[in-house]
Number of protein chains: 2
Amino acid sequence: MANQKSVRSKRKTGNKPARPRMADVGKLAGVSACTVSRAFNSPETVRPQILEKVHKAAKELNYSLNPAAKALRLQQTHIFGVIIPTLNHAMFAELVNSFQSTLSESGYAPVIITTGFDNRNIFDHIRAIVERGAEGLLMVGRVEDPRVREFIERSHLPVVTTYSYLEDESIPSIGFDNYQSARQSVDYLLALGHTKIAMIAGPSQGNDRQQSRIQAFRDAREMAGIKEEWPVVENAYDSAYASGANVMHSLLVSHPDLTAVVCSSDTFAIGALQEAKRMGLRVPEDVSIIGHDDFELAQLLDPALSTVKVPAAEMGKRCAEALLNAKVGNNPIVSRKLNASLILRDSAAPPKTKTKAA
Amino acid sequence: MANQKSVRSKRKTGNKPARPRMADVGKLAGVSACTVSRAFNSPETVRPQILEKVHKAAKELNYSLNPAAKALRLQQTHIFGVIIPTLNHAMFAELVNSFQSTLSESGYAPVIITTGFDNRNIFDHIRAIVERGAEGLLMVGRVEDPRVREFIERSHLPVVTTYSYLEDESIPSIGFDNYQSARQSVDYLLALGHTKIAMIAGPSQGNDRQQSRIQAFRDAREMAGIKEEWPVVENAYDSAYASGANVMHSLLVSHPDLTAVVCSSDTFAIGALQEAKRMGLRVPEDVSIIGHDDFELAQLLDPALSTVKVPAAEMGKRCAEALLNAKVGNNPIVSRKLNASLILRDSAAPPKTKTKAA
DNA sequence: TTGTACGCGTTATCAT
DNA sequence: ATGATAACGCGTACAA
């Protein structure tokens, strides 16, 4: 039977210098591969003198561990998969940023796949990331696709969804109540005396966050006993500021009696605010505007934007911790409802008394 | 010598159901593991009838390839490492987003590590990401740390730096000329007649982009024959809008005769613009402001912000293509200078005639 | 067209 | 404290 050395000599003697292995380091240090392994993984079980020799040899050969071999042997990649609509949105970027930072302290790293807001091919993305060796998954919002649900079920991988807190879900979620977050804003406007309110939302198809917020908007109207329909405009997320402005413009033209607008993202709210001002309207005297997300910029606007603070960084951090706990402590992930509360600033006020109708 | 079957039976019979291997699929399909491998990797070399049986068996066992074993065997992980200051900044997020999208078409994925703006421990991050099996590296800006340079050199991995175009560098770069991009803005203000200009920059330590832009600012002044020093304020990147506003405030107080401000990021410029307006100054009549980056928001501000358009998405895409080409085509990465040009909008105008001094 | 045998580089087990 | 051995799951010469 071929021994290591003869095998070694069989390696292709092509142009590429073969990457050194533990055996090579060991040979140079005068020990076995096994000792080299120990020198790296449990240095306290190796004589200091040998330890030093090994390190010296490793350095000389420019040796580093082969991650694939390690992963194969240990059955772990130290990678979590992140499936997210886009990084090109402040909230998601902040969430992932925080997720990554938290993970890195434990030697884990995320592999990120952006799926866009089109959920149809999310299944293939998930397959791909799992076949890449992800030991756990972070996803955004409610999982609708039954293929995905079944795949997750059968994979026995820890999975957490974020952004939405979903009480009735089998997949654990760490997020906030999107219905409530939007409801707060509308109720506040109602309490201020508004009766003509519009909503600027993102596309709701396959997006439970938007669906919940839109539902909250409609419910609030109904429960306030208002008969008249309120317009809900769904618009694209790309160039969101501009589309917020565009929507605001047509809204103001088609519904000149509108006194307030709720936006399902600060991107829309900021665009809407600029457009209202551009059209010569005062905010909040002529129109009230409430946003959602609490971008850093919100408090700097003129007027400062009243908006719902979304705990993006906290979600990222807690999801990372939950996944880590599931791996190392074998603790099941428990759903967790985080706070998302309305921050009152200066962009909403009681509607003007009916002079406008005159 | 133990054969596969007996080996198989030796597997831990713990609680966890062992993940199926090719041999298991083969057994169920009545073929060898080798045929299963072929069925996945070169289906055209296997009889359709058998192919079908294999697929059926794989599906039944919920089988998927073991990525670690595959990576070990093939010596490839299909992962590129991304070392970036933060995701929590629109430009970096956009860059990475585009990098990732481009990669995913070729079955590659990025592993992202954020290092913050502190470059001191970047070396460890890079080691970590390479030991994780990254087949190539994307980094931001000039690499200063000699340990990093040496590590890259010895790793023989394709590496590309972005954001800065660095002509004199051994490491290829795909980016724009940060000196030129800032110089354009200052020269423009000079041409408009400004002689009292300040700069709001990010921290320049270990950040060649900021250094270049600040240098451009100083050179422009000198070449215009202006003796008087111009203030350069470096400030933190976190809560950048607010700090842009703060800096603008103290600048306006300490240098009331200032007629223009150049910002090295739109975050600063937006904050500065809001603050100037808050203080009752008109932009651009009283102060001109020029930004850098061209956030989507820039054109929506009032006044619309004149700023330098940074090709974030293009950088991400081209870097991905370059790395991919280096892997699959074995083509060396060539540096490439992209365009970053000043977009004139409404936030800069000639300075007021000297009535202010009265 | 299909199967056999073996190595990729690491680490756990067991023996010394 | 250290070494020998085997096994992780896959892909590929080579043989059939």
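Below, chain A is the first sequence line, B the second, and so on; all start at residue 1.
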Within less than 4.0 Å of OP1 or OP2 of C:dT2, is there a side-chain N or O belonging to B:Arg47? yes
In whole angstrom, what separates A:Leu72's CG from C:dC8's P? 13 Å
How close or far is atom P of D:dG9 from atom CZ of B:Arg19, stated in whole angstroms? 9 Å
So, taking the atom named CD1 in B:Ile112 and the one named CD1 in A:Ile112, what distance separates them when rounded to the nearest 0.5 Å? 3.5 Å
Please state how far atom CG in B:Asp24 lies from atom P in D:dG9, giving the value in whole angstrom units. 9 Å
Which part of the nucleic acid does A:Tyr63 contact within heavy-atom distance under 4.0 Å: base, sugar-phosphate only, or nothing? sugar-phosphate
Nearest to the side chain of B:Leu74 - D:dG11, D:dA1, C:dT10? D:dG11
Check whether any side-chain nitrogen or oxygen of A:Arg38 sits under 4.0 Å from OP1 or OP2 of C:dT11, and answer yes or no. no
Between B:Cys319 and B:Ile174, what is the shortest heavy-atom contact and its length? SG-CB, 3.9 Å
Give the ring-plane orientation class for A:Phe151 versus A:Phe123, where under 30° counts as parallel, over 60° as perpendicular and anything between as tilted. perpendicular
Atom NZ of B:Lys53 to atom C1' of C:dT2: distance rounded to whole Å? 13 Å
Once you round it to whole Å, what is the distance between P of C:dG9 and CZ of A:Phe40? 15 Å
Whole-Å gap separating C1' (C:dT10) and NE2 (A:His78): 14 Å
Nearest-neighbour nucleotide for the B:Ile50 side chain, C:dT2, C:dG3, C:dT11 considered: C:dT2
Separation of A:Glu131 atom CD from D:dC10 atom C1', in whole Å? 14 Å
Please tell me which of the listed nucleotides, C:dT2, D:dA4, D:dG11, lies nearest to the side chain of A:Cys34? D:dA4
Protein-nucleotide distance (A:Met22, atom CE; D:dA4, atom P), rounded to Å: 16 Å
For D:dG3, does OP1 or OP2 lie under 4.0 Å from any side-chain N or O of A:Thr35? yes
A:Ser32 has a side chain; which of D:dC10, C:dC8, D:dA4 sits nearest to it? D:dA4
Upstream residue (5' side of DNA chain C) when A:Asn66 and B:Arg73 are each assigned their closest nucleotide: B:Arg73
Any luck finding a side-chain donor-acceptor pair between A:Gln100 and B:Thr114 under 3.5 Å? yes
Specify whether A:Tyr108 and A:Phe80 have parallel, tilted or perpendicular ring planes, treating 30° as the upper limit for parallel and 60° as the lower limit for perpendicular. parallel
Examine D:dA7: is either OP1 or OP2 under 4.0 Å from a nitrogen or oxygen in the side chain of A:Gln75? Give yes or no. no
Measuring from the side chain of A:Lys70 (C-beta onward, heavy atoms only), which nucleotide among C:dC8, C:dT4, C:dT11 has the closest atom? C:dT11
